[in-house]
Amino acid sequence: MSTSVSINDQIREILFENSMLLFGIQIEVNLIQFQKTRKEVEGDVTLVIFPFVKTLKCSPIEAGEKIGSFLKEKLPAIHSFNIVSGFLNFVISSDYWLTQLNRINQDAAYGLEKPNSKSTIMVEYSSPNTNKPLHLGHLRNNFLGFSVAEILKANGHKVVKTQIINDRGIHICKSMLAWEKFSPINAKGERETPANTGLKGDKLVGKYYVEFDKKINQEAQLIIADWEKGETSNYASTSISEFEKLTALKSGKDEKALKGIDDKIKELAKNETSLLKEAKEMLVKWEARDPQVYLLWTTMNNWVYDGFAVTYKNMGVDFDKLYYESDTFTLGKDIVIEGLQKGVFYKKEDGSVWIDLTSEGLDEKLLLRSDGTTVYMTQDIGTAVDRYKDFSDLSGIIYTVGNEQDYHFKVLFLILQKLGYSWANNCYHLSYGMVDLPSGKMKSREGTVVDADDLMQDIVIQASELTKERGHLEGMNSEEIQSLCRTIGMGGLKYYLLKVDPRKRMMFNPEESIELNGNTGPFIQYAFARINSLINRSGGLKSYNSVTLKPEEIEIVKILLDFPQVIKEAGRDYSPAVIANYIFELVKLFNQFYQAIPILIEENEDVKNMRLTLSQNVSKVIATSMNLLGVNVPERM
RNA sequence: GACUCCGUAGUUCAACGGAUAGAAUAGAAGUUUCCUAAACUUUUGAUACAGGUUCGAUUCCUGUCGGAGUCACCA
């Protein structure tokens, strides 16, 4: 039996091949289920007996005896076995674990599949709007997308990291318009720019987006006041009748329902504002490539890109290929028009184009506005098609986008299917949960949004303070110290955001995010640094003769052996959290071992060198895992 | 209102239908002439509620209650 096959696989194979002999029938492979042996039970590997009880028609104990003694006969690595309430626990010999340790030690790329040995997958992440600076939610998105891409690479896939830059649309026109109308003009006759204000480009543009929102609300208030006074002659009759209908609904409603109605009225009034009308006109001009609008658009977008570039660099994320909405929306529009001819879509009287998904239990969805301009959905169709054109070997696209857009992606994939794109089934929405603050939801209107740049800066400052408190910095120059604090701060932040199952909504507590104890990035980084120091002091790794492993050592070998499977699971579930939870378990076990068992002081050279090798392989797996999370590990800290 | 997702120690998170539901943190008590104490040890404490399926349910199904999201000619 080859040493590269795990004991579980060996057991599975023997049971499967000897099924007729043992059970009298050919069993299904999935009947053979292993699980972690509980701490208080003796043994290293546990087989669940219940599934066999029915076919064997005997008690779990009898079944366990039969299977256990059969396997012990066949596999010399099995030292002994015991049965506890339906679970068959095998005690595996020390030699087996030692052989496995040696095997791991010889594999520099342990746990990783051969690069580019599997299909090509595109991972989309980030894709922010270009009218607002990045915030905490984007940090989760970016760290998640980047990590999932790395995890897929570790699984042997070729990966194309990408994002769609939402550089056009009504929202962009809003900031453009607000800047044109409301920016103060300085002595030189210039409006505000990143250069003359010192503001980061994305922050400056974001400021005008907020300004637009403020101004449109003011205008809407005046309109509502008009309506309430009965001065309705200046407004569209449809809006007025809708307003009257909504007002009539108000009587007898509770506070919550009233607020809902008021919001609708506000939306109605916003549609009547001159500001929104101007923004819409600007969008039409933009789609017609009006030179003046285009110049303004290019200028402001470049400010944003410059600002974002700085943020991405700090985050430590990158992209292989960028898609711009401004490039893909026309393709989307063409496809929609084509689909209209094919009868997938239909046109309403006012010229707007829709798809009817009511037979699928969904709604009708707009694809082109009555003025012919495109919406989010239109460009997403174009982008997807464009991507498959650019990468003909693509086996799938993963969209890392928040779960507030679940419905959008359901509809998008369905439309692509209806348009006849066979690859539509390979599109996957990696839907992650929102990030909450201890104070509740982040709300831009209430100013509770945590800015990404600010947060990253704060966290590195906090890491510096804590690091200085600890000491351990002798002989390092200020540049090295700064780099270390960045590694610790950013590592803590990334680990904090990635350790939670991406699908779940999570709580971000700023204080906890840079904790050094417990399930944190620095806790893991510290273990790495300690091992590094240990190896350095030892004067190098040496080979060793056969030794007997202590239980603490066997526990570590066992968890190291789980690593390849952990990478597979993380890839299958697109979940960095699987990796994070794994490293944490590994580090806890290592710390227990390190605390309880002397290494450098050990007199038996074979034992000492085995322990050093074991430690070295723990640090190897820590480094690999942390890199999959996009986290660096420090040589010392 | 319709649809979707979520309810696990005080708090933040785990648990491919499997053993006595794990951690971390907070609280309490300890460990350093010894390889980095950013560490380790001990201890207190939870499956929202009611049914059902199953040898076995935190996990699957139904209902109740509670929370979130979506239902735009926004993205």
Side-chain angles (χ1 to χ4, degrees), chain A residues 30 33 35-41 46 48-51 53-54 60 84-87 89 127-129 131 166 169-172 174 257 264 267 271 280 325 348 350-354 361-363 366-371 373-377 379-380 401-408 410 431 433-434 436 438 441 466-467 469-472 488 496 499-501 503-509 512 515-520 522-523 525-527 529-538 569 572-573 577 581 584-585 587-588 591-592 594-602 611-612 615 636-637:
Chain A
N30 61 19
Q33 294 165 19
Q35 67 176 311
K36 288 257 179 293
T37 310
R38 289 187 72 94
K39 262 186 268 176
E40 57 282 2
V41 175
T46 295
V48 186
I49 294 300
F50 295 108
V53 170
K54 266 187 188 167
V84 182
S85 56
F87 296 87
N89 308 298
S127 305
N129 287 336
N131 54 6
N166 298 293
I170 190 75
H171 57 291
I172 307 293
K174 288 177 182 174
K264 277 186 185 160
E267 280 306 307
N271 276 325
K280 282 178 174 170
E325 237 188 85
K348 284 194 180 170
D350 61 5
S352 55
V353 177
W354 298 73
L362 306 173
D363 298 320
L366 177 90
L367 292 151
L368 287 178
R369 295 193 186 96
S370 51
D371 64 6
T373 57
T374 56
V375 289
Y376 183 47
M377 189 62 78
Q379 68 81 18
D380 257 1
V401 181
N403 63 10
E404 62 205 342
Q405 294 193 38
D406 284 355
Y407 184 75
H408 171 78
K410 219 168 153 179
S431 161
M434 299 290 105
D436 285 326
K441 246 192 100 165
L466 290 166
T467 300
E469 272 174 34
R470 309 284 149 164
H472 303 174
I488 295 171
Y496 187 93
K499 72 180 177 184
V500 180
D501 182 345
R503 280 156 256 279
K504 291 194 175 165
R505 174 177 275 269
M506 72 175 289
M507 173 72 76
F508 180 85
N509 187 327
E512 275 175 18
E515 282 284 324
L516 307 170
N517 308 322
N519 190 358
T520 65
F523 174 84
Q525 289 171 323
Y526 180 66
R530 272 213 301 204
I531 295 172
N532 194 55
S533 159
L534 189 67
I535 306 287
N536 285 341
R537 277 173 185 270
S538 75
E569 272 175 38
R572 185 196 64 199
D573 300 343
N581 290 336
F584 180 54
E585 287 305 316
V587 167
K588 267 195 298 184
N591 283 344
Q592 284 163 20
Y594 180 89
Q595 198 78 24
I597 296 173
I599 300 170
L600 295 179
I601 309 148
E602 171 62 44
R611 287 179 187 159
L612 280 167
S615 306
R636 51 179 288 197
M637 69 186 273

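Keep in mind it's a predicted model, so treat the numbers as computed, not measured. Protein chains get the first letters and strands the later ones, always in sequence-line order, with residue 1 at the start of each.
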(message) Please pick, from B:G69, B:U12, B:U70, the nucleotide with the shortest atom-to-atom distance to any side-chain atom of A:Y407.
(response) B:U70
(message) So A:K441, base contact, sugar-phosphate only, or nothing? Heavy-atom distance under 4.0 Å.
(response) sugar-phosphate
(request) May I ask you to test the A:M434-A:K441 pair for a side-chain heavy-atom distance under 4.5 Å? (result) no
(message) Under a plain distance cut-off of 3.5 Å, with no hydrogens placed, do A:N166 and A:Y376 share a side-chain donor-acceptor pair?
(response) no
(request) Could you measure between the two P atoms, the one in B:G27 and the one in B:C71, and give it in whole Å? (result) 43 Å
(message) With a cut-off of less than 4.0 Å, is there a side-chain N or O of A:N591 near OP1 or OP2 of B:C40?
(response) yes
(message) Base contacts versus sugar-phosphate-only contacts with protein, heavy atoms under 4.0 Å: please encode nucleotides 54-59 of chain B as B, S and - from 5' to 3'.
(response) -B----
(message) Nearest to the A:V41 side chain among B:A19, B:A38, B:A39, which nucleotide is it?
(response) B:A19
(request) Ignoring backbone atoms, test whether A:K504 places a side-chain nitrogen or oxygen under 4.0 Å from the OP1 or OP2 oxygen of B:U12. (result) no
(message) Distance check, C1' atoms only: B:C13 and B:U58, in whole angstrom units.
(response) 14 Å
(request) Give a yes or no on whether a salt bridge exists between A:D501 and A:R503, defined as a side-chain N under 4.0 angstrom from a carboxylate O. (result) yes
(message) Counting the atoms with a prime plus P, OP1 and OP2 as sugar-phosphate, which does A:K36 contact under 4.0 Å by heavy atoms, base, sugar-phosphate, or nothing?
(response) base
(request) Classify the nucleic acid contact of A:I597 as base, sugar-phosphate or nothing, counting any heavy atom under 4.0 Å across all strands shown. (result) base
(message) So A:Y594, base contact, sugar-phosphate only, or nothing? Heavy-atom distance under 4.0 Å.
(response) base
(message) For A:Q525 versus A:I488, what's the shortest heavy-atom pair and its separation?
(response) OE1-CA, 3.6 Å
(message) Just N and O in the side chain of A:Q595: are any of them under 4.0 Å from OP1 or OP2 of B:U41?
(response) no
(message) Taking 4.0 Å as the cut-off, does a side-chain nitrogen or oxygen of A:R369 come that near to OP1 or OP2 on B:C74?
(response) yes
(request) Calculate the interatomic distance between A:I599 atom CD1 and B:C34 atom P; express it in whole Å. (result) 16 Å
(message) Minimum heavy-atom separation for A:N519 and A:N581, please, with both atom names.
(response) ND2-OD1, 4.4 Å
(request) Have a look at A:Q405 and say if it touches a base, only the backbone sugar-phosphate, or nothing, with a 4.0 Å heavy-atom cut-off. (result) base
(message) Minimum heavy-atom separation for A:G86 and A:P60, please, with both atom names.
(response) CA-CB, 4.0 Å
(message) Quick check for you: among B:A14, B:A39, B:A23, whose closest atom lies nearest to any side-chain atom of A:K588?
(response) B:A23
(message) Quick check for you: among B:U36, B:A75, B:G69, whose closest atom lies nearest to any side-chain atom of A:R530?
(response) B:U36
(request) For A:F87 and B:A19, say yes or no: do the ring centres fall under 5.5 Å of each other while the ring planes differ by less than 30°? (result) yes
(message) Heavy atoms only, 4.0 Å cut-off, all strands: where does A:R636 land among base, sugar-phosphate and nothing?
(response) base
(message) Taking only the C1' atom of each, what is the distance from B:A9 to B:A26 in whole angstrom?
(response) 11 Å
(request) Identify whether any heavy atom of A:R38 sits under 4.0 Å from a base atom; if not, whether one sits that close to sugar-phosphate; answer base, sugar-phosphate or nothing. (result) base
(message) So, does A:H472 get its side chain near the phosphate of B:A38, meaning an N or O under 4.0 Å from OP1 or OP2?
(response) yes
(request) With heavy atoms under 4.0 Å as the rule, sort A:R537 into base, sugar-phosphate or nothing. (result) sugar-phosphate
(request) Taking A:S533 for its side chain and A:A529 for its backbone only, find out whether a donor-acceptor pair lies under 3.5 Å. (result) no
(message) Would you measure the distance from the C1' atom in B:G56 across to the matching atom in B:G18 and give it in whole Å?
(response) 7 Å
(message) By the 4.0 Å heavy-atom rule, please label A:S431 as base, sugar-phosphate, or nothing.
(response) nothing
(message) Mind checking if A:L534 touches a base, just sugar-phosphate, or nothing, with heavy atoms under 4.0 Å?
(response) base
(message) Over all strands shown, is A:N89 touching base, sugar-phosphate only, or nothing at heavy-atom distances under 4.0 angstrom?
(response) base
(request) Taking only Lys NZ, Arg NE, NH1 and NH2, and the carboxylate oxygens of Asp or Glu, determine whether A:K588 and A:E585 approach each other closer than 4.0 Å. (result) yes
(request) Report which part of the nucleic acid A:M506 touches: base, sugar-phosphate, or nothing (heavy-atom distance under 4.0 Å, all strands). (result) sugar-phosphate
(message) From the set B:A24, B:A38, B:A75, return the single nucleotide nearest to any side-chain atom of A:N517.
(response) B:A38
(request) For A:A577, report the nucleic acid contact type (base, sugar-phosphate, nothing); a contact means any heavy atom under 4.0 Å. (result) nothing
(message) When the C1' atoms of B:C49 and B:C65 are compared, how many Å lie between them, rounded to an integer?
(response) 7 Å
(message) Please report the distance separating the C1' of B:U59 from the corresponding atom of B:A15, rounded so that it comes out in whole Å.
(response) 9 Å
(request) Taking all non-hydrogen atoms of both residues into account, name the closest pair between A:K348 and A:W354 and its distance. (result) CD-NE1, 3.4 Å
(message) Taking the minimum atom-to-atom distance to the side chain of A:I488, which one of B:A38, B:U41, B:G69 wins?
(response) B:A38
(request) Take the angle between the ring planes of A:F87 and A:F50 and call it parallel below 30°, perpendicular above 60°, tilted in between. (result) perpendicular
(message) Checking A:N89 against A:T37 for the side chain to side chain donor-acceptor pair (under 3.5 Å) test, could you report, in this order, the C-alpha distance in whole Å, the side-chain angles of both residues, the deciding distance, and whether it holds?
(response) CA-CA 7 Å; A:N89 308 298; A:T37 310; 4.7 Å; no
(request) Check whether any side-chain N or O of A:K410 sits under 4.0 Å from OP1 or OP2 of B:C71, and answer yes or no. (result) no
(message) I need the CG-P distance between A:D406 and B:G69, as an integer number of Å.
(response) 13 Å
(request) Write down the distance separating the C1' atoms in B:U32 and B:G45, rounded off to the nearest Å. (result) 31 Å
(message) Suppose you measure atom P in B:A24 against the same atom in B:C40; what distance do you get, rounded to whole Å?
(response) 8 Å
(request) Measure from the side-chain heavy atoms of A:Q35 and tell me the nearest of B:A38, B:A19, B:C74. (result) B:A19
(request) Describe the nucleic acid contact of A:T373 in one word from base, sugar-phosphate, nothing, applying a heavy-atom distance below 4.0 Å. (result) nothing
(message) Dot-bracket, 5' to 3', for RNA chain B please: Watson-Crick or G-U pairs under 3.5 Å, [ ] where pairs cross earlier ones, | where the partner sits on another strand, dots elsewhere.
(response) (((((((..((((....[...)))).(((((.......)))))....(((((..]....))))))))))))....
(request) When you get a sec, tell me which of B:A75, B:A23, B:C16 is the closest nucleotide to the side chain of A:Q33? (result) B:C16
(message) Measure CE/A:M377 against C1'/B:C74 and give the value in whole Å, please.
(response) 12 Å
(request) Would you mind telling me which of B:U70, B:A75, B:C40 lies closest to the side-chain atoms of A:E325? (result) B:A75
(request) Check for a donor-acceptor pair, side chain of A:R505 on one end and backbone N or O of A:D436 on the other, with a separation under 3.5 Å. (result) no
(request) Please tell me which of the listed nucleotides, B:C13, B:A19, B:A37, lies nearest to the side chain of A:Y526? (result) B:A37
